[in-house]
2 protein chains.
Amino acid sequence: MIPNSSQDSQARPGSLGVGGPPTKARPGSLGVGGPPTKARPGSLGVGGPPETEATFLAGYDPKDYPSVALTVDLVVFAVANKVLHVAVVERGAQPFLGNWALPGGFVQPGEDALAAANRELAEETGLDLGAHRVFVEQLATFSAPQRDPRMRVVSVAHLILLAGDGTNLVELRSGTDASDAQWLPVHAMDRTSLAFDHADILAAGLERLAGKMEYTTIAAQLVPEEFTLSALRDVYAAVWQAELPAGNFTRKMRTSLTPTGRKVQAVGAPASLFTIGSEWISPPWSRP
Amino acid sequence: MIPNSSQDSQARPGSLGVGGPPTKARPGSLGVGGPPTKARPGSLGVGGPPETEATFLAGYDPKDYPSVALTVDLVVFAVANKVLHVAVVERGAQPFLGNWALPGGFVQPGEDALAAANRELAEETGLDLGAHRVFVEQLATFSAPQRDPRMRVVSVAHLILLAGDGTNLVELRSGTDASDAQWLPVHAMDRTSLAFDHADILAAGLERLAGKMEYTTIAAQLVPEEFTLSALRDVYAAVWQAELPAGNFTRKMRTSLTPTGRKVQAVGAPASLFTIGSEWISPPWSRP
DNA sequence: ATTGTTATTATCAAGTTGATAATAACAATC
DNA sequence: GATTGTTATTATCAACTTGATAATAACAAT
């Protein structure tokens, strides 16, 4: 029977499961079982008695294992004028020369994927991480053997949200790697022409964001730290491509927000400013 | 400012966002910009005019890029007697010799992570994938540089659910790699003694499962294809560590299920058999 | 002062939840 | 063969949430 598998679903977290007290220690024999035969960390074929960790480390040769190049790819979102935008860079070499691609790059030896995502964000888009509020979370890992025609490249995709004022997009500087960096409107662009499997990665990022907006206040990562309910509602409109009734939006969202007491003046009645009060929206929205 | 990052959150998907029609093609110049300087696929420093894809492929040398060993680790869950169990294997070599670890192994050159997860599941636990209903989905990627003391090993963790009859756990055979394979009760074991960062991976798997049970019928992946509402309720009790009132559970869950017309006889009233009717529970549960 | 615009609160019917009870369908026992 | 124990399913009801719609409030501009 074919396993029921879904490559890229995601879960809705909450406070960590209750989890009873750890009472039972692991049972089972401790003796070394049959001789391991396949190359795997921790089960290298060593015939004799169990070696110490020191001798093991000394005798290890990394070339015995299949290796891959590890990259991060970034789905960087920002909202301006009720339109969701994604950052792309133009490819300056083959393959996909001249096409748009998501920003990204190699994970360096000393860093984990999250650190690489932050570094590449700064390097490839010229963004000053010290000057902007940025939200980063791991999205999914893309590992199809032929996703890059040149070599085995496995990419850990990340979702990145840039806080903006709602009308201006942060200026993207061409980084060291890319010949050009731009914002494209997510819902109006031709996503299929993105390089590599980046259309899939973008779809995963969009779905993660849209989905998480149902049950968390993640949308507030796309507006300034203090924001009005209208600004937040504009983010929902931009991502979900649907207008939510203002009155009901206020009623429901307000319970997850903290009022600052301040107000902003525009045309019409002055709007109150809020900050995030809770990470969670409970009960969740359901997208129209 | 330190980026607001959360290493491992997950999203709640739904039907894919509406998404307006792709109308605008990517704008921007197509010319090759400034000379790329950093080694990255697609932006290798090539001084001259843009080369063709063919010449590029010919001139490429994989050794120019940092490489890592790529593995999969498996969080394999099953339920018996209202207790959630996780499959572990005993380590037969250093480091962590004698400790429990999650099953896993290297991703081979021709396969993606999902294929590797399925293969390793069969190899390391002796499970006959043709004989059991199995659910697999990618969880998250763990890439801390020192997570394996011997070398750079990046692991794509997967969540695996084994359908069971509710009382018997599938017998695990010692695989080729591991000296012993067992089931441990998730909520009663000492998770901190797991090898490597497997306690973190297990926590991620548990949270994914518990979270997804709020808004999908994923719990039905842990019972036979036809199941009673009681059996499903037992899964919720095992994972959430909380008893849900039977009457309300039936009322709510029924709308996501399809009745088969058949019934099973035990002690008490005969219970109706159902299959999954919808992947979604709407509106979602909230965990007690 | 009036008008236009936007924010916020209010109202109401329909639907959902949580708690609790009532009913129903058996097996086992007397 | 009626009674008892056990479990499944349906029912009830008050509290709460939702979606739709309207009313009120707070300004700027005229």
All side chain to side chain contact (heavy atoms under 4.5 Å, CB included) counterparts of A:A271, not counting sequence neighbours: A:T228, A:V264
Whole angstrom value for the distance that separates P of C:dT16 from CD1 of B:I281: 14 Å
Spacing of A:L244 atom CG relative to D:dT21 atom P, expressed in whole Å: 15 Å
Expected list for residues 229-238 of chain B: side-chain donor-acceptor pairs under 3.5 angstrom, two or more places apart:
unit_1	atom_1	unit_2	atom_2	d
B:R233	NH1	B:L244	O	3.1
B:Y236	OH	B:M213	O	2.7

SB check B:E207 B:K212 (cutoff 4.0 Å): no
Pairing residues for B:A163 by the side chain to side chain contact (heavy atoms under 4.5 Å, CB included) criterion, not counting sequence neighbours: B:R133
Rounded distance in Å - CE (B:M253) to P (C:dT16): 15 Å
Between P of C:dT17 and CZ of B:F249, the distance in whole Å: 13 Å
Counterpart residues, side chain to side chain contact (heavy atoms under 4.5 Å, CB included), relative to A:A113 (two or more places apart): A:V72, A:V156, A:H158, B:S143
d(CZ, A:R262; P, D:dC27) in whole Å: 17 Å
Listed partners of B:T167 passing side-chain hydrogen bond (donor to acceptor under 3.5 Å, both in side chains), at least two apart: B:D165
Where at least one partner belongs to residues 248-270 of chain B, residue pairs that pass salt bridge (charged side-chain N to carboxylate O under 4.0 Å, His left out), sequence neighbours excluded: B:E226-B:R262
Backbone N/O of A:L114 and side chain of A:N118: donor-acceptor pair under 3.5 Å: yes
Short side-chain N/O contact from A:K252 to OP1 or OP2 of D:dT18, under 4.0 Å: yes
Degree of bending, the helix from C:dA1-D:dT30 to C:dC30-D:dG1 (end axes from five pairs; round to 10°): 10°
Contact letters for nucleotides 3-11 of chain D, in which S counts primed atoms plus P, OP1 and OP2 and B counts the base, heavy atoms under 4.0 Å: ---BBSSB-
